[in-house]
Every structure is written in structure tokens, then in C-alpha cells.
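The structure appears below as C-alpha cells.
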Amino acid sequence: MARKEIYYTETKGRDAGKVFYIREMSATQAEWWAIRAGMAMARSGVDLPENFADMGIAAMAGTGLKMVSQIPPAEAKPLLDELMECVQCVPDASNQNIKRRLIDDDIEEIATRLKLRAEVFKLHVDFFQAAAQ
């Protein structure tokens with residue numbers, strides 16, 4: 001089975017109409033990301049909510065990103081940057097076969113970056129729900 005992937009189209013602001021391709025990390029990379037994030041959160045005294053596995057995907061993504069935001073910036077930045085490595089730009093919305101790595105000028109709104117990180121996180125957290133069932 002192939003890695004999960006989605007296309008995300010921004011609808012607001014200066015990035016309205018821009019299309020981004022998001023592809024799931026490998027299992028090895030995602031596991032290592034989760035271990036590092038968990039260790040950083042534990043060092044910072046961040047507790048995982050007891051109902052985390054029961055939350056919907058969107059709530060899990062929002063909660064997870066809020067938890068990462070509570071760790072020191074020096075530890076959070078590489079984790080957040082790694083999430084953005086899952087995102088590619090689709091320069092021509094009418095031809096989604098062409099994708100490329102993001103460059104700084106691809107995204108003009110901070111809100112778009114936050115939404116993209118949340119979409120990447122959502123793509124990866126469904127295993128919590130599967131494990132809970």
C-alpha cells in the first residue's frame with residue numbers, strides 16, 4: 001500500500017487558489033519524529049490529554065500542534081520544519097502531476113503555513129485512532 005497523500009488548495013488571502021501536495025512520511029521517519037516530539041514534550045512537562053486517541057483527526061492535529069508549541073523553540077523548530085518537508089508546491093493547479101520542493105516565496109501567508117502543518121499532522125495521526133480501536 002502506498003503512503004497517504006492529499007492535495008490541499010488554499011482558499012483565503014494571498015495564497016488563495018494555490019495548490020500544495022502533501023505526502024505522508026515513511027513509517028521510520030514518522031516514528032522517529034513522534035519519539036523526538038514526545039521526548040521534547042516530556043522534558044517540557046507537556047502531558048498528552050487522556051482522551052487524545054478518542055479525538056477526531058482535526059482535533060488531534062490541533063492538540064498535537066499546540067503541544068509542540070509548548071516545547072522550547074530550539075527543539076520545536078526542527079520538528080515543525082520536518083513537517084513542512086512533507087509539503088510540495090503544485091505550480092500549475094491544472095496539472096497536479098508537476099510538483100516541486102517548497103521555496104519561501106511559495107507561501108505568502110503565515111496562516112497558510114499553519115494550515116499546511118495541520119494537514120500534515122492530520123495525515124499522520126490516524127494511527128492513534130486505529131490503535132485505540
Side-chain angles (χ1 to χ4, degrees):
M1 187 171 187
R3 291 188 203 167
K4 293 179 282 185
E5 55 186 38
I6 62 166
Y7 287 89
Y8 173 82
T9 303
E10 180 53 58
T11 59
K12 297 180 180 169
R14 292 175 289 175
D15 296 320
K18 292 182 181 178
V19 178
F20 301 93
Y21 169 76
I22 303 172
R23 185 169 188 243
E24 181 182 29
M25 293 176 193
S26 71
T28 301
Q29 183 183 6
E31 176 191 36
W32 182 231
W33 187 95
I35 289 169
R36 289 180 296 142
M39 290 169 56
M41 286 185 264
R43 280 192 299 276
S44 299
V46 179
D47 291 322
L48 190 67
E50 287 186 30
N51 67 335
F52 190 72
D54 298 326
M55 294 178 171
I57 296 294
M60 288 173 110
T63 300
L65 289 173
K66 284 179 191 169
M67 291 168 51
V68 171
S69 74
Q70 295 176 42
I71 63 177
E75 290 184 271
K77 184 173 179 358
L79 294 167
L80 295 172
D81 288 348
E82 194 169 343
L83 291 179
M84 290 302 287
E85 289 175 12
C86 295
V87 181
Q88 294 183 17
C89 178
V90 177
D92 179 1
S94 67
N95 184 358
Q96 295 185 344
N97 291 322
I98 298 175
K99 308 166 195 72
R100 63 166 171 73
R101 292 182 69 92
L102 287 178
I103 59 172
D104 282 345
D105 289 342
D106 288 333
I107 302 171
E108 299 179 67
E109 301 282 355
I110 294 170
T112 303
R113 291 184 61 82
L114 297 173
K115 289 176 193 174
L116 287 168
R117 274 200 191 95
E119 290 296 323
V120 171
F121 204 87
K122 282 194 299 192
L123 201 63
H124 290 86
V125 295
D126 66 348
F127 70 88
F128 281 112
Q129 288 185 326
Q133 296 171 355

Problem - hydrophobic_cluster_shared for Met39 and Ile71, side chain cutoff 4.5 Å - result: no

Problem - Closest non-hydrogen atom pair, Ile98 against Pro91 - result: O-CD, 3.5 Å

Practice task
List for me each residue that meets side chain to side chain donor-acceptor pair (under 3.5 Å) alongside Gln96, sequence neighbours excluded, and say none if there are none.
Solution key: none

Practice task
Look at atom CE of Met84 and say whether more than 12 heavy atoms of other residues, nucleotides or ligands are closer to it than 6.0 Å.
Solution key: yes

Handout entry: Pairs touching residues 71-81 that satisfy side-chain hydrogen bond (donor to acceptor under 3.5 Å, both in side chains), sequence neighbours left out
Key = Arg43-Glu75, Lys77-Asp81

Exercise for the section: I would like to know whether Gln88 and Arg23 meet side-chain contact (heavy atoms from CB on, under 4.5 Å); could you show each step before the answer? Expected result: CA-CA 8 Å; Gln88 294 183 17; Arg23 185 169 188 243; over 6 Å; no

Practice task
Any chance you could pull the hydrophobic cluster mates of Val90, using side-chain heavy atoms under 4.5 angstrom and chaining through other members?
Solution key: Tyr7, Val19, Tyr21

Practice task
May I ask you to decide whether Glu109 forms a salt bridge with Arg14, counting only side-chain N to carboxylate O separations under 4.0 Å?
Solution key: yes

Practice task
Could you tell me the separation between the OH atom of Tyr8 and the OG1 atom of Thr112, rounded to the nearest 0.5 Å?
Solution key: 6.5 Å

Problem - Positive for side-chain hydrogen bond (donor to acceptor under 3.5 Å, both in side chains) with Glu119, one of Lys115, Arg117, Lys122 - result: Lys122

Practice task
Write out all pairs satisfying side-chain hydrogen bond (donor to acceptor under 3.5 Å, both in side chains) with one or both partners inside residues 31-42, taking only residues at least two apart or from two chains.
Solution key: Arg36-Glu82

Handout entry: Leu83 vs Met25 side-chain heavy atoms within contact, under 4.5 Å
Key = yes

Handout entry: N/O donor-acceptor pair under 3.5 Å between Lys4 side chain and Glu24 backbone
Key = no

Practice task
Kindly indicate whether the side chain of Leu102, heavy atoms from C-beta on, has any atom under 4.5 Å from the side chain of Phe20.
Solution key: yes

Completion exercise
All heavy atoms of Ala93 vs all of Gly17, minimum pair found to be CB-O, 4.5 Å

Exercise for the section: Check whether any side-chain heavy atom of Val87 lies under 4.5 Å from a side-chain heavy atom of Ile107, and answer yes or no. Expected result: no

Exercise for the section: Please list all pairs passing the salt bridge (charged side-chain N to carboxylate O under 4.0 Å, His left out) test where one or both residues lie in residues 84-105, with sequence neighbours left out. Expected result: Arg100-Asp106

Exercise for the section: Answer yes if Leu114 and Leu80 sit in the same cluster of Ile, Leu, Val, Met, Phe, Trp and Tyr residues linked by side chain heavy atoms under 4.5 Å apart, and no otherwise. Expected result: no

Problem - Within 6.0 angstrom of Ile103 CD1, more than 12 heavy atoms from elsewhere - result: yes

Handout entry: Contacts of type side chain to side chain donor-acceptor pair (under 3.5 Å), residue Gln70, not counting sequence neighbours
Key = none

Practice task
First locate atom CZ of Arg3, then atom NE2 of His124, and finally report the distance between them rounded to the nearest 0.5 Å.
Solution key: 8.5 Å

